[in-house]
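I have placed the structure first, in the form of structure tokens, so that the comments after it can refer back to it.
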Amino acid sequence: MSTSLVALGSTPLAAIETPSVEFAALSPMLIVFGAGVIGVLVEAFAPRRLRYTLQLGLSLGGLVVALAALATVTVAQTEDGANGQFAMSGAVVLDRPTLYLQGLLLIIAIIAVGFMAERRLERVVAPVTMRTLAGGGAGEEHSGRTGLNGSRGVDADMFTPSGASVPNTDAEFEATRAGAVTTEVFPLALLAVGGMMLFPACGDLLTMFIALEVFSLPLYLLCGLARRRRLISQEASLKYFLLGAFSSAFFLFGAAFVYGATGSLNLSTIGASLTDVAGAGGDTTLALIGLAMLAVGLLFKVGAVPFHAWIPDVYQGAPTPVTAFMASATKVAAFGALLRVLYVGFGALRDQWEPALWAVAIASMVIASVMAVTQNDIKRMLAYSSIAHAGFILLGMIAFDDAGLGATLFYLAAYAFTTLGAFATVAVIREPDCDTTTSDTTTSDTTTSDTSTSARTAAIHGTAATVRNPHLSGREATDLTQWSGLGRRYPLVGAMFAVYLLSFAGIPLTSGFIAKFDVFAAVAGSGGGILVVIGVTSSAIAAYVYIRIIVAMFFDDVPTRDAPHVVKPSILTTTGIAICTLATVVLGIFPQPLLDLADAAATFLR
């Protein structure tokens, strides 16, 4: 016994090789994550009056620097026809699709963060006015713009000043009175962007699961932070969290099954193992079960039927900047990950998973298009439109060749800009300020609307009524009936939104037409002609929804009372909407440069 121990002790152990970390190649993601971490520290230690400026500058600056770093990395990774490299011992893959999708995500994030920073669409009673009403000092200096009836107000963002408080309680009002600003949204958004950039770049399923959670958890929080309609916002957050937790569990179980079938979590190794097993006629049942569970988690994030139930409620209830961010960026990241899983890991089992993908694509296109017809809320219409477009994008994946991959990458870019611009435009259309909510002491003595005292009026004029709604601006006008005559009163806004709707419908001279034509051509070339017929039919059904909105904007009569109005946003939101509109039109008229770029990016590194 002692002799064997001596012999073992004298035997040299193999040196443990430290895995290399390619910091330069990973720098875009590291910059975004670093900016997010610094944002958390700013939130913890910076004075409250400086947080908004610091967080906005840090977020936009970090994203722009990350985009510049990505351009440098792209040049280095693709020169002389190269297709990138494996990093972090194969856990991260920096190939052409990854670099393309990361660049698209950063551009979307820059526009979305600018939209989150918007502070001209909401206006609340100036803190000094509310302090006076509550018995505070009256000599404090006013700030902000003049509101109705000469009242003083301050510009506010679209996020609640107190996310932890119960809606419509004194705690929430106290936070508004104190002028609190929820600047936590900026580091949360940066952490979500970092996770989204990592998600389509993952070379193994464990890293992919971590990336999934990194960008999902901040989104769960962001969905519950709306300044208006707090209850529906919190409901959206809870639904998204619960269903997202279930989908993540399915993904994790699927990874375990795939490991049991192949002995690896690395997608390249999984692909090689399944190719050998399928070629030898071996049993792939365990791998197919694992793929089915993985698909549940990924198709949930994509928003495809039958994993779509969360989308209408969450898109409607979340703050509109968060909805715009989720509808565009999340779909790009999730489709990128799904493409990598199917192309790299499970290409050998295409004959087994393709019929299921057919069913999901058909159900997404048809069911979502039909359900959209029944909606009267603009945000819910756009939510069902998002589900239908997930079905269209799946057609490019079903093609399963370079043409289909290139068409999918182009569609993601076209859809992202159009959706982001559409939701941003919805946010600027506001109801008139007609709050007539009164306290019990006021309503008991009031018999006519002319003498009623609203909570807002109480805050302005110092009435003894309890202040429950300190807003000086109207809510978003999302009901279709409120959009009657909007395009005639505001031609520019109506024309821009009509461009987005025509693009969703796939009308020529818009990016949506080129995107749909490209995926239809790709799937038809791979034997999916019936999918093209169903896709065209679904597009015709959905076109009714989009034309219905255009008719309401330009041909219906203007409401005689309580007609909504357009609030001029800040330069950040205005620039974002302009970029999205320009991209929607330019990609419809001159799509070839982006088509060529997407085709050049359509090669995975295996």
Side-chain angles (χ1 to χ4, degrees), residues 19-32 66-107 196-205 207-208 211 264-276 298 332-348 350 393 396-413 518-519 522 525-526 592-606:
S20 60
V21 179
E22 296 78 2
F23 289 104
L26 299 172
S27 59
M29 287 182 284
L30 296 177
I31 291 171
V32 173
L67 186 60
L70 181 66
T72 304
V73 172
T74 301
V75 172
Q77 296 294 334
T78 60
E79 62 181 352
D80 299 328
N83 190 24
Q85 69 174 91
F86 292 100
M88 298 291 294
S89 300
V92 179
V93 186
L94 299 170
D95 53 10
R96 290 173 181 262
T98 294
L99 298 173
Y100 175 93
L101 293 172
Q102 286 185 344
L104 179 58
L105 285 169
L106 285 173
I107 295 173
M196 291 177 185
M197 292 176 66
L198 178 60
F199 199 41
C202 294
D204 65 65
L205 296 177
T207 307
M208 190 172 288
S264 176
L265 292 174
N266 184 275
L267 288 172
S268 297
T269 305
I270 292 169
S273 175
L274 292 178
T275 299
D276 294 339
L298 294 173
V332 171
F335 266 111
L338 184 59
L339 283 167
R340 185 172 298 280
V341 168
L342 293 181
Y343 272 71
V344 178
F346 294 88
R350 179 192 176 190
I393 299 173
M397 300 180 62
I398 292 172
F400 205 71
D401 54 18
D402 289 346
L405 180 54
T408 301
L409 295 178
F410 179 87
Y411 202 124
L412 289 172
D518 209 15
V519 295
S526 63
Q592 200 57 49
L594 186 58
L595 285 172
D596 293 339
L597 181 61
D599 290 338
T603 305
F604 281 108
L605 185 64
R606 291 177 169 83

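Reckoned from all heavy atoms, side chains included, excluding hydrogens, waters and symmetry mates.
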Q: Flag the pair Leu30 / Phe23 as yes when at least one side-chain heavy-atom distance between them is below 4.5 Å, and no otherwise.
A: yes
(Q) Please evaluate residues Asp95 and Thr98 with respect to the criterion side-chain hydrogen bond (donor to acceptor under 3.5 Å, both in side chains), reporting the C-alpha separation (whole Å), side-chain torsions for both, the decisive distance (0.1 Å), and the verdict. (A) CA-CA 5 Å; Asp95 53 10; Thr98 294; 2.9 Å; yes
Q | Between CD1 on residue Ile393 and CD1 on residue Ile398, distance to nearest 0.5 Å | A | 12.0 Å
Q. Do the side chains of Leu67 and Ile107 get nearer than 4.5 Å, heavy atoms only?
A. yes
Q: Mark yes or no for whether Glu22, through its side chain, and Met88, through its backbone, hold a donor-acceptor pair below 3.5 Å.
A: yes
Q: Measure the spacing between OG1 of Thr275 and CD1 of Ile270 and express it to the nearest 0.5 Å.
A: 11.5 Å
Q: Can you measure from CG (Leu267) to CG (Asp204) and round to the nearest 0.5 angstrom?
A: 7.0 Å
Q) Do you know which of Leu99, Val75, Val32, Ile31 makes side-chain contact (heavy atoms from CB on, under 4.5 Å) with Leu70? A) Leu99
(Q) Under a 3.5 Å distance rule, please check whether Tyr100 uses its side chain to pair with a backbone N or O of Leu409 as donor and acceptor. (A) yes
Q: Calculate, to the nearest 0.5 Å, the distance between atoms CZ and CG belonging to Arg96 and Leu405 respectively.
A: 12.0 Å
Q.
I want to check something: taking the side chain as every heavy atom from C-beta on, are Leu94 and Leu26 in contact at a cut-off of under 4.5 Å?
A. yes
**Q.** Note, Ser268 side chain near Phe86 side chain (heavy atom, < 4.5 Å)
**A.** yes
Q. What distance separates Leu265 CG from Met208 CE, expressed to the nearest 0.5 Å?
A. 11.0 Å
Q | Euclidean distance, Arg340 CZ relative to Leu205 CG, rounded to 0.5 Å | A | 11.5 Å
Q) Looking only at atom types and distance, does a side-chain atom of Thr78 sit under 3.5 Å from a main-chain N or O of Thr74, one as donor and one as acceptor? A) yes
Q. Tell me, do Pro97 and Leu339 make a side-chain contact under 4.5 Å, heavy atoms counted?
A. no
Q: Give a yes or no answer on whether the side chain of Asp401 reaches the backbone of Ser526 with a donor-acceptor pair at less than 3.5 Å.
A: no
Q. Would you say Phe199 and Leu101 make side-chain contact, with heavy atoms under 4.5 Å?
A. no
